[in-house]
Protein chains: 2
Amino acid sequence: MTADLETLSRWQSHGGTQFVYRHASQACRCDMTFSLFLPPQAEDGPCPLLIYLSGLTCTHANVTEKGEFRAAAARHGLAILCPDTSPRGDGIPDDEAYNFGTGAGFYVDASEAPYDTNYRMASYVSDELPAIVVDHAGIDAGRQSIFGHSMGGHGAIVTALRHSGRFRSVSAFAPICAPSSTEWSQKAFARYLGSDETAWRAWDSVALIEDGARVGELLVDQGEADEFLESGLRPWLLKEACAQAGIPLTLNMREGYDHSYYFISSFMSEHVAWHAERLKA
Amino acid sequence: MTADLETLSRWQSHGGTQFVYRHASQACRCDMTFSLFLPPQAEDGPCPLLIYLSGLTCTHANVTEKGEFRAAAARHGLAILCPDTSPRGDGIPDDEAYNFGTGAGFYVDASEAPYDTNYRMASYVSDELPAIVVDHAGIDAGRQSIFGHSMGGHGAIVTALRHSGRFRSVSAFAPICAPSSTEWSQKAFARYLGSDETAWRAWDSVALIEDGARVGELLVDQGEADEFLESGLRPWLLKEACAQAGIPLTLNMREGYDHSYYFISSFMSEHVAWHAERLKA
């Protein structure tokens with residue numbers, strides 16, 4: 001593994017170190033930027049890794065600045081990896097829509113031209129990037145978990161469902177639970193994956209569970225005042241699928257909370273603690 | 001008191017509510033925007049108020065998004081008020097420099113034209129805005145404290161020194177301790193306050209203490225890797241002045257920390273807890 005990482009920023013924070021790196025991604029065939037927080041415990045030996053996947057329009061920066069994860073990560077000794085949400089740069093096929101193209105990779109491996117060359121975020125976040133970080137930062141490769149928000153909540157659950165046993169735990173804030181059947185995500189799915197909707201089921205949490213994929217359990221927090229609740233998120237479909245499949249789901253409906261980082265940051269420390277318990281079990 | 005506040009944003013967060021308001025300021029003779037966090041305890045009765053003054057180039061938004069103060073404020077039941085750093089808008093005298101004009105009001109009441117019409121941030125943050133917030137949000141007017149970062153750390157200490165007994169406690173992250181004598185702030189002081197440097201002493205923490213102003217005690221956190229440590233901040237001057245004046249100063253020098261919100265957020269909960277102890281004593 002050649003991990004040729006360029007350090008863009010490095011800050012001391014909450015007793016640990018917040019890095020931002022850039023590197024040439026093989027999966028996405030472009031330069032990619034990500035952030036990595038190493039807790040103070042990283043000085044004493046390999047730490048578990050918790051991967052956070054961000055939502056539409058975000059880069060690594062949104063959660064790194066507003067996610068309020070460092071206090072909890074330092075308390076529990078977890079490294080936190082925050083990838084970008086899509087390939088970016090000159091020559092990357094893009095679109096004017098905010099929910100398709102740059103900033104909206106949806107954590108799939110695209111099968112359709114011209115997107116199939118760069119839009120390989122599934123391979124990037126599940127394989128290439130964790131391997132680089134494990135190698136570079138001395139992470140305990142056998143202890144990895146994943147979570148995310150909105151499009152990234154979809155990404156976290158789908159990634160865990162598609163790689164059985166690879167992650168110790170998976171959780172989400174306001175995930176897009178059934179992207180195949182919501183207008184919010186259908187345009188992206190059609191362009192990345194083609195018009196045959198049966199192919200979409202392999203990238204849809206509810207469909208994957210219906211088709212037999214499993215995780216040990218699921219934690220989801222969802223704001224009841226989230227403006228995208230009905231139009232894009234629809235946690236009741238995940239609840240139904242989990243109930244039918246016998247997957248224990250803790251679905252916390254949070255009164256008054258919306259879709260923003262003011263919501264995410266409110267429950268971030270609970271999610272980090274929940275993953276820590278499972279990563280250190 | 002007519003508090004004609006326009007609500008720009010309102011988010012549920014950490015069990016409380018984060019507001020952003022705009023209003024017509026009498027002190028600054030322009031529209032001003034500020035943020036106010038009300039903890040969950042505000043529903044049960046008047047809360048203490050902790051005012052946070054931001055640094056150069058900032059608005060209310062930087063600390064509101066990156067300051068990580070809400071968890072601690074909700075735990076301790078404090079309202080947190082975050083004003084802007086200067087008047088803004090059409091007709092406000094400005095300058096190309098980042099350390100003078102818009103974003104750099106230095107929390108003084110300017111005496112020099114053309115700045116004396118709008119640049120009255122001292123009156124705004126110590127009198128006008130707290131009175132509006134007390135009236136509007138049911139704050140316990142007798143329990144107020146103040147803190148801030150960099151230019152806002154200067155603002156907090158100077159405001160407390162100039163209004164003896166008005167604030168229960170005062171603290172700062174990386175404050176500009178002696179703005180009269182650092183290049184960083186001299187341009188602003190000369191334009192706002194005139195060329196007679198004796199007038200500057202009334203707006204300089206170290207000089208105010210030398211001239212007899214007092215606060216009960218001071219808490220300051222300062223990063224040792226702060227790039228502005230020598231050129232603008234110089235906490236040793238504050239340490240010397242406090243020692244001579246018999247003001248108990250807790251000066252925490254933090255190894256590896258810089259001047260950013262990654263530093264501020266790391267020690268935010270300690271500052272909020274420190275103020276809470278004094279506000280609720």
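Order of the sequence lines fixes the chain letters, A, B, ..., with proteins taken first and strands second; residue numbering starts at 1 for each chain. It should be emphasised that the depicted structure is a prediction, and the values quoted were computed from it without experimental measurement.
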* Name the region of A/Ser269, side chain, backbone, both or neither, that has any atom closer than 4.5 Å to a heavy atom of chain B. => neither
* Region of A/Tyr257 that comes under 4.5 Å of a non-hydrogen atom in chain B -> both
* Structure fact -> So CD of A/Gln12 and CZ of B/Arg254: to nearest 0.5 Å the spacing works out to 11.0 Å
* Asked: How long is the gap from CD on A/Glu65 to OG on B/Ser265, to the nearest 0.5 Å?
  -> 11.0 Å
* Asked: Which one of B/Glu68, B/Arg70, B/Lys66 has the most heavy-atom pairs closer than 4.5 Å to chain A?
  -> B/Glu68
* Asked: Of the backbone (N, CA, C, O) and the side chain (C-beta and beyond), which part of B/Thr17 lies under 4.5 Å from a heavy atom of chain A, both, or neither?
  -> neither
* Nearest-0.5 Å distance that lies between atom CD in B/Gln18 and atom OH in A/Tyr262 -> 5.5 Å
* Heavy atoms of other groups near A/Glu43 CD, more than 12 under 6.0 Å -> no
